[in-house]
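Taking it in order: structure first as structure tokens, then the write-up.
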Amino acid sequence: MAREVRTRYAPSPTGYMHIGNLRTALYEYLIARSMNGKFILRIEDTDQERLVEGAVDVIYNTLKLCGLKHDEGPDIGGPCGPYIQSQRRHIYLPYARELVEKGHAYYCFCSKERLEQLRSEAEAKGETFMYDRHCLKLSKEEVEEKLAKGEPWVIRQKMPREGSTTFDDMVFGTITIENNMLEDQILIKSDGLPTYNFANVIDDHLMGITHVVRGSEYLTSTPKYNLLYDAFDWEKPVYVHLPLIVKPDGSKLSKRKGDASFEDLVEMGFLVEAIINYIALLGWSPDSNQEIFSLAELEKAFDIRRISKSPSCFDMEKLRWFNAEYIRAMPAEKFHSLALPYLEKAITNKAIDLAKVSKLLQNRVEVLTEIPSKVGFFNSLEDYDLNIYTHKKMKTTLENSLENLKAALPVLEKLEPWTEESIHSSLLSLVESMGIKNGQMLWPIRTALSGWEVTPGGAIEIADILGKEETVRRIQIGIERLEKALA
RNA sequence: GGCCCCAUGGUCAAGUGGUUAAGACACGGCCCUUUCAAGGCCGUAACAGGGGUUCGAAUCCCCUUGGGGUCACCA
């Protein structure tokens, strides 16, 4: 029987969840779920210099928001704990020592200064710097002596100098790297903690990870990890390297350049379901034409073999479309509850029924944050350019607008009860009796009621929401202003 | 620069030797219509270039070009 599939999401807590990281987490989750496996969260905080306060919470919150429930992790425990590398610090050194004994690694006492100098010398000559194995020559006695003296040390992996290393990746296929390209990388740092390069191998093995899923930037260093697995005689995992997500200009997403993180997108008014749906399709495609996927549907449909190799571009427009699809598909009450915080800020007039405004908005909004800019006229009528009354297609002019507003005013003043239906029928029968086009009546009314050229909803819906009193008042203002202009 | 990887419309992408080269976003047009949306219908638009292999290449091989990644006591 095959081993249980186990994947892991192993972020370092930088306090910033970029879209590529999130997609990696999503794919790891989907691979595990689609194969009845386990999804593990492990925090890779071996870089003490980059620790960020509260960063781990960002990770928990994001996973939770997105519904990527892990089966094991720092917060919920599990059989392979602890799940935070800094809390596992004591387990790595013995493994490194084992490697030293076996001849696959060695102590190095070179100072950072020496290395920096060698590096800059190489750079000056236009060469690629690679550690010169200065400390490999040290005898066992010399090493013991330096250790006894308390000289700072690191442990380096001893790479083979000849031959090549080949591995298979589920998405990129067979990859071969010449061994002489591999540097004797540091396994244990002078602070006693392992580097990512070492810790990830030890932990992945100890945690029984079967599928190592990560960005394609790790492709060229994977041979080093396999050499480690071989040195320990451990079973190697299946590798799934993911193509990068890039910006429209082709460069990769980065925090430094201010590219949107997951949190930013949420703040920008995007729904997590839409974000997940969109990024799932960035680099993976189903075997159907289905575009809209819930997380549960993704769990069923996901297939590693359909991950693409080429990098894909993060397209805000497409995300907006997904977001709009989710907004339109949700029940009106749900949309209203999401829209409410934005509406309450934009509309302070308590007479306005915000639920009705939400109904108007649901089909007209792609992201929640654009709500305020669409509803200001409900709150109060601002001065507007009278030229809006003139509309060629509606066949309206200043003159007939005035005329029609004057005709509508008494009808509306008398109207009882004040409902969308009653407004509709009274206005339309007025139109009929006057023998004019609908637009010639409704365009001027909508203009008078809103003062805007474009509004969510038409004259009737707006009149209903505004209420009789305010509707009449705004029409009167329109009449007065038109009369003044035409006088 | 060395090494590794990638290459279908502006974007996401299907396609695994024989297709009129899907679909989606965006864009344009039309319809619907009280503005704007939504919805419906239609349309513009692609196999980077050059060599092979083959009866036949988007699909296989090579070269070129372009793009990306990687070369840390970061992950």
Side-chain angles (χ1 to χ4, degrees), chain A residues 10-12 14 44-47 49-50 108 110 112 115-116 119 126-131 152-156 169 172-173 175-178 180-183 185-191 193-197 199-200 214-223 241 243-244 246 248 250-252 278 281-292 306 308-322 324 328 360-366 374 388 391 393-394 424 427-428 431 437-447 450 452-462:
Chain A
S12 55
T14 61
E44 309 227 337
D45 59 346
T46 55
D47 185 358
E49 289 172 20
R50 291 210 309 188
C108 170
C110 293
K112 286 187 185 177
L115 295 176
E116 247 162 62
R119 202 186 310 280
E127 292 168 4
T128 303
F129 169 74
M130 197 176 277
Y131 180 60
W153 52 269
V154 301
I155 292 178
R156 288 182 182 270
D169 183 84
F172 287 92
I175 309 276
T176 300
I177 307 264
E178 296 299 320
N180 61 23
M181 295 304 300
L182 307 177
E183 186 178 41
Q185 63 177 353
I186 290 172
L187 268 19
I188 301 288
K189 299 183 280 186
S190 55
D191 64 3
L193 287 171
T195 56
Y196 163 85
N197 296 316
N200 94 83
R214 45 154 83 121
S216 63
E217 65 265 31
Y218 292 96
L219 221 36
T220 47
S221 42
T222 298
H241 284 94
L244 259 23
V246 300
S251 65
K252 72 170 186 176
Y278 174 60
L281 262 22
L282 265 189
W284 173 82
S285 62
D287 60 5
S288 68
N289 272 339
Q290 186 175 346
E291 298 264 358
I292 303 298
R306 298 191 64 89
S308 64
K309 299 187 202 190
S310 45
S312 39
C313 168
F314 187 83
D315 181 4
M316 209 49 111
E317 279 304 319
K318 185 96 182 230
L319 209 214
R320 288 177 70 90
W321 175 78
F322 271 105
R328 293 190 289 253
L360 257 28
L361 251 17
Q362 192 163 2
N363 277 342
R364 295 176 169 87
V365 150
E366 288 192 308
K374 290 184 183 295
I388 302 173
H391 193 289
K393 198 176 153 219
M394 293 298 118
H424 184 270
L427 249 23
L428 288 193
V431 163
K437 293 181 50 111
N438 287 351
Q440 291 178 306
M441 176 60 76
L442 297 171
W443 175 270
I445 292 180
R446 196 188 57 81
T447 301
S450 66
W452 288 13
E453 276 186 280
V454 172
T455 56
I460 294 159
E461 292 98 320
I462 294 172

### Query
When we call it a touch if two heavy atoms are under 4.0 Å apart, what does A:Thr14 touch: a base, just sugar-phosphate, or nothing?
nothing
### Message
Tell me if a side-chain donor or acceptor on A:Thr195 pairs with a main-chain N or O of A:Ile186 at a distance below 3.5 Å.
### Response
yes
Could you tabulate the donor-acceptor pairs under 3.5 Å formed by side-chain atoms of residues 453-461 of chain A, not counting sequence neighbours?
{"residue": "A:Thr455", "atom": "OG1", "partner": "A:Arg446", "partner atom": "NH1", "Å": "2.8"}
{"residue": "A:Thr455", "atom": "OG1", "partner": "A:Gly457", "partner atom": "O", "Å": "3.0"}
{"residue": "A:Glu461", "atom": "OE1", "partner": "A:Gly458", "partner atom": "N", "Å": "3.2"}

### Query
Using atom C1' of each nucleotide, how far apart are B:U8 and B:G49 to the nearest Å?
15 Å
#### Entry: C1' spacing across the pair B:C12 / B:U53, given as an integer number of angstrom
33 Å
### Query
Which one is paired to B:C41, where only Watson-Crick or G-U wobble pairs with both distances under 3.5 angstrom count?
B:G29
#### Entry: 4.5 Å side-chain heavy-atom contact, A:Leu442 and A:Met394
no
### Message
Do A:Arg156 and A:Leu187 have side chains that approach each other closer than 4.5 Å (heavy atoms only, starting at C-beta)?
### Response
no
### Query
How many Å lie between CG on A:Asn289 and C1' on B:G15, as a whole number?
12 Å
### Query
What is the pairing partner of B:U16, taking Watson-Crick or G-U wobble pairs with both distances under 3.5 Å in any strand?
none
### Message
Can you work out whether A:Glu178 or A:Ser288 has the more 5'-proximal nearest nucleotide on RNA chain B?
### Response
A:Glu178
### Query
Nearest to the side chain of A:Val454, which nucleotide is it out of B:G10, B:U35, B:A7?
B:U35
### A:Gln440 vs A:His391 side-chain heavy atoms within contact, under 4.5 Å
no
### Query
Nearest-Å distance, CD (A:Glu317) to C1' (B:C27)?
11 Å
#### Entry: A:Tyr278 vs A:Trp321 side-chain heavy atoms within contact, under 4.5 Å
no
### Task
Would you check if A:Ser308 and A:Trp284 make a side-chain contact, meaning some heavy-atom pair closer than 4.5 Å?
no
### Task
Searching all strands shown, indicate the nucleotide that pairs with B:A7 (Watson-Crick or G-U wobble; both distances under 3.5 Å).
B:U65
Return the polar atom pairs (N/O with N/O) between nucleotides 37-48 of chain B and the protein under 3.5 Å, or none.
{"residue": "B:A37", "atom": "O2'", "partner": "A:Asn363", "partner atom": "O", "Å": "2.5"}

### Message
Work out how far the C1' atom of B:C73 is from that of B:C60, and round it to whole angstrom.
### Response
46 Å
### Message
When the P atoms of B:U44 and B:G23 are compared, how many Å lie between them, rounded to an integer?
### Response
12 Å
### Summary
Atom CD of A:Gln290 and atom P of B:A13 are separated, to the nearest Å, by 17 Å
### Message
Over all strands shown, is A:Thr455 touching base, sugar-phosphate only, or nothing at heavy-atom distances under 4.0 angstrom?
### Response
base
### Message
In whole Å, I'd like the distance from the CZ atom of A:Phe314 to the C1' atom of B:G10.
### Response
17 Å
### Task
Take atom C1' in B:U19 and the same atom in B:A14, then report the distance between them in whole Å.
12 Å
### Query
Can you name the side-chain contact (heavy atoms from CB on, under 4.5 Å) partners of A:Asn363, sequence neighbours left out?
A:Arg328
### Task
Answer whether the closest heavy-atom distance between the side chains of A:Met181 and A:Thr128 falls below 4.5 Å.
no
### Message
Taking B:C63 as the reference, what is the distance to B:C47 when you measure between their P atoms (whole Å, please)?
### Response
23 Å
### Task
Find out whether A:Pro286 and A:Leu281 are in side-chain contact, i.e. whether some heavy atom of one side chain is under 4.5 Å from a heavy atom of the other.
yes
### Task
To the nearest Å, give me how far apart CG (A:Asp315) and P (B:A26) are.
9 Å
### Query
Rounded to whole angstroms, how far apart are CD1 on A:Ile388 and C1' on B:C36?
14 Å
### Query
With the sugar-phosphate defined as primed atoms, P, OP1 and OP2, and the base as all remaining atoms, what B/S/- string results for nucleotides 67-75 of chain B, 5' to 3', for protein heavy atoms under 4.0 Å?
-SBSBSBBB
### Task
Go ahead and name the base partner of B:G1; Watson-Crick or wobble counts if both distances stay under 3.5 Å, otherwise write none.
B:C71
### Message
Whole angstroms only, please: what is the CG-C1' distance between A:Leu182 and B:C3?
### Response
10 Å
### Query
If we take the C1' atom in both B:U11 and B:G50, what is their distance in whole Å?
28 Å
### Query
Of all the nucleotides listed (B:A13, B:C5, B:C4), which has the minimum atom distance to the side chain of A:Ser308?
B:A13
### Query
Nearest-Å distance, NZ (A:Lys309) to C1' (B:A13)?
16 Å
### Query
Using the P atom in both, what is the distance from B:G9 to B:G15, to the nearest Å?
16 Å
With the criterion being N/O to N/O and under 3.5 Å, what pairs connect the protein with nucleotides 32-34 of chain B, and how long is each?
{"residue": "B:U34", "atom": "OP1", "partner": "A:Asn438", "partner atom": "ND2", "Å": "3.0"}
{"residue": "B:U34", "atom": "O2", "partner": "A:Ala459", "partner atom": "N", "Å": "2.9"}

#### Entry: Complement of B:U53, any strand, by Watson-Crick or G-U distances under 3.5 angstrom
none
### Message
So A:Met441 and A:Leu428, do their side chains get closer than 4.5 Å, heavy atoms only?
### Response
no
### Query
Where do A:Ser312 and A:Gly283 come nearest, in terms of heavy atoms and distance?
OG-N, 3.9 Å
#### Entry: N or O in side chain of A:Lys318 less than 4.0 angstrom from B:U11 OP1/OP2
no
### Query
Can you name the nearest heavy-atom pair linking A:Phe129 to A:Arg119, along with the distance?
CD2-NH1, 3.2 Å
#### Entry: side chain to side chain donor-acceptor pair (under 3.5 Å) partners for A:Ser288, two or more places apart
none
